[in-house]
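Some notes on the structure that comes next.
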Amino acid sequence: MNGTDSTGANLDADAETVGRHAIEAFALLGHETRMEILLAIWEDHDLQADDNAVSFSQIRSRVAHDDPGNLRYHLNKLEGHFVRQRSERGGYALRVPAKKLIREVVAGAGVHDKHLPPTRVDQRCPFCEAPTVMSYREGVLFWACHECGGMTPGRDFAPFDPPGPLTAHSFAPAGLHEWSPERLWSASLVAGWRRLRSMFDGICPNCSSPVNSWFDSCPDHDPDRCDDCGLRFGTTAHFRCSACDRHLGCTPKQLALFHPAVVSFYDDHGISTRIRADAVDHAKRVYDLVLDHEVTVLDVEPISVAVTVSNDDETVRLTFDDSVRVVDVSR
């Protein structure tokens, strides 16, 4: 067996082990009282304190349970994976997996009844200058143009996609009503680019596993309405997690923004590439800069892609190999 096959077998074995442990962890939460216990400890613990353990009496006061013996039974079931008992002063504290789980619950993970109908925002479509809208459905925040087809003028990719999606980013329900529609646009950009940066750097933002990456390119691309690929841009970088199967796709134009040579290039021209959710105008400027990046397919087999960034008659060019890694920088 060669090295590649051995690595693949190890990854498969690791995935099987992780899956088994995940099933065991979810089984521990199979009774609603146990989730109530975790929430009770979360609500009463103090992260700033040296000892943030929560006493049994505090937990019992928050959990609607009449039988203290039965409550302690459920608490004991959580010990080890989700909860640890602090023997120094007594009481119970959350372990890291429990804190991550509670944060997901607070963020609204798994809650898909949140909905934002198409809402006009002060952002024109970058392709046709038509008005655009933000909408939210099934955990995804969409920015769309209903006039030109957006990024997918040739087809729709999911049954719940709005017509003409320009961006589509996972977004926690808890944040949906914390932002104005205008700032939702920039907030979704920040969230989406943060996840993409992590995938580009080779680590899944969901599960911290390795990421596989590759390019595909449409050989006879029509940017106005391509019957072959259905996309606005003919070359796509793909990233897929080897464990949880999370997949992201993007134009290589975006990836240039993550390279220090491009960040430095823009900085030399007085342009910051850092975007914030509460700085909508600057986020729009950076978004427009990305659309101006030029993508060229240099070779087909194996594929090699160049992205050229220009400003004030100066350029910097990144060359990517078929694994979506930068192999050359010229300026």
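Computed from a predicted structure; not experimentally measured.
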Side chain to side chain donor-acceptor pair (under 3.5 Å) partners for Tyr266, two or more places apart:
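Tyr266 satisfies side chain to side chain donor-acceptor pair (under 3.5 Å) with His293 only.
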Identify, with sequence neighbours excluded, every residue that meets side chain to side chain donor-acceptor pair (under 3.5 Å) alongside Lys284.
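Per chain and number, Lys284 pairs via side chain to side chain donor-acceptor pair (under 3.5 Å) with Asp288.
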Check whether more than 12 heavy atoms from other residues, nucleotides or ligands sit under 6.0 Å from atom [atom1] of [X], and answer yes or no.
X: Arg331; atom1: CZ; value: yes
X: Lys253; atom1: NZ; value: yes
X: Asp281; atom1: CG; value: no
X: Asn212; atom1: CG; value: yes

Could you walk me through whether Leu184 and Val121 pass the side-chain contact (heavy atoms from CB on, under 4.5 Å) check?
CA-CA 9 Å; Leu184 266 180; Val121 291; over 6 Å; no
Give a yes or no on whether [X] and [Y] share a hydrophobic cluster (residues Ile, Leu, Val, Met, Phe, Trp, Tyr; joining criterion: side-chain heavy atoms under 4.5 Å apart).
X: Tyr73; Y: Tyr92; value: no
X: Val290; Y: Ile271; value: yes
X: Ile203; Y: Met199; value: no
X: Leu291; Y: Val307; value: yes
X: Phe265; Y: Val263; value: no

Going from [atom1] on [X] to [atom2] on [Y], what distance comes out if it is rounded to the nearest 0.5 angstrom?
X: Ser198; Y: Arg195; atom1: OG; atom2: CZ; answer: 10.5 Å
X: Ile303; Y: Leu298; atom1: CD1; atom2: CG; answer: 9.5 Å
X: Leu196; Y: Leu255; atom1: CG; atom2: CG; answer: 5.5 Å
X: Glu182; Y: Gln123; atom1: CD; atom2: CD; answer: 6.0 Å
X: Asn206; Y: Asp245; atom1: CG; atom2: CG; answer: 11.0 Å
X: Asp322; Y: Trp214; atom1: CG; atom2: CH2; answer: 12.5 Å

Six-ring centre of Phe127, Arg232 cation under 6.0 angstrom, axis tolerance 45°
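Yes, cation above the ring, under 6.0 Å and within 45°.
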Tell me whether the NZ or CZ atom of Arg137 lies within the 45° cone about the ring axis of Phe142 and under 6.0 Å from its centre.
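That pair does not qualify as a cation-pi contact.
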Kindly give the heavy-atom pair with the smallest separation between [X] and [Y], and that separation in Å.
X: Ser188; Y: Leu141; value: CB-CD2, 3.5 Å
X: Gly80; Y: Arg95; value: O-NE, 2.8 Å
X: Phe200; Y: Phe239; value: CA-CE2, 3.7 Å
X: Leu176; Y: Phe171; value: N-CE2, 4.1 Å
X: Tyr136; Y: Ala172; value: OH-C, 3.8 Å

Does Ser264 use its side chain to pair, donor to acceptor, with the backbone of Ala261 at less than 3.5 Å?
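No; zero donor-acceptor contacts below 3.5 Å.
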Testing Val63, Ile37, Thr33 one by one against Leu75 for a side chain to side chain contact (heavy atoms under 4.5 Å, CB included), which residue passes?
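Single side chain to side chain contact (heavy atoms under 4.5 Å, CB included) partner of Leu75 among Val63, Ile37, Thr33: Ile37.
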Quick one: do Val133 and Thr119 satisfy side-chain contact (heavy atoms from CB on, under 4.5 Å)? Show the steps, please.
CA-CA 5 Å; Val133 297; Thr119 303; 5.7 Å; no
Go through the steps for Cys226 and Leu231 under the test side-chain contact (heavy atoms from CB on, under 4.5 Å), then give the verdict.
CA-CA 6 Å; Cys226 187; Leu231 298 174; over 6 Å; no
Between His74 and Glu36, does any side-chain donor sit less than 3.5 Å from a side-chain acceptor?
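No, no side-chain donor-acceptor pair sits under 3.5 Å.
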Going by heavy atoms in the side chains, are Pro131 and Arg124 under 4.5 Å from each other?
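They are in side-chain contact.
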Hey, are the side chains of Arg194 and Pro205 touching, using non-hydrogen atoms and a 4.5 Å cut-off?
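They are not in contact (no side-chain heavy atoms under 4.5 Å apart), so the answer is no.
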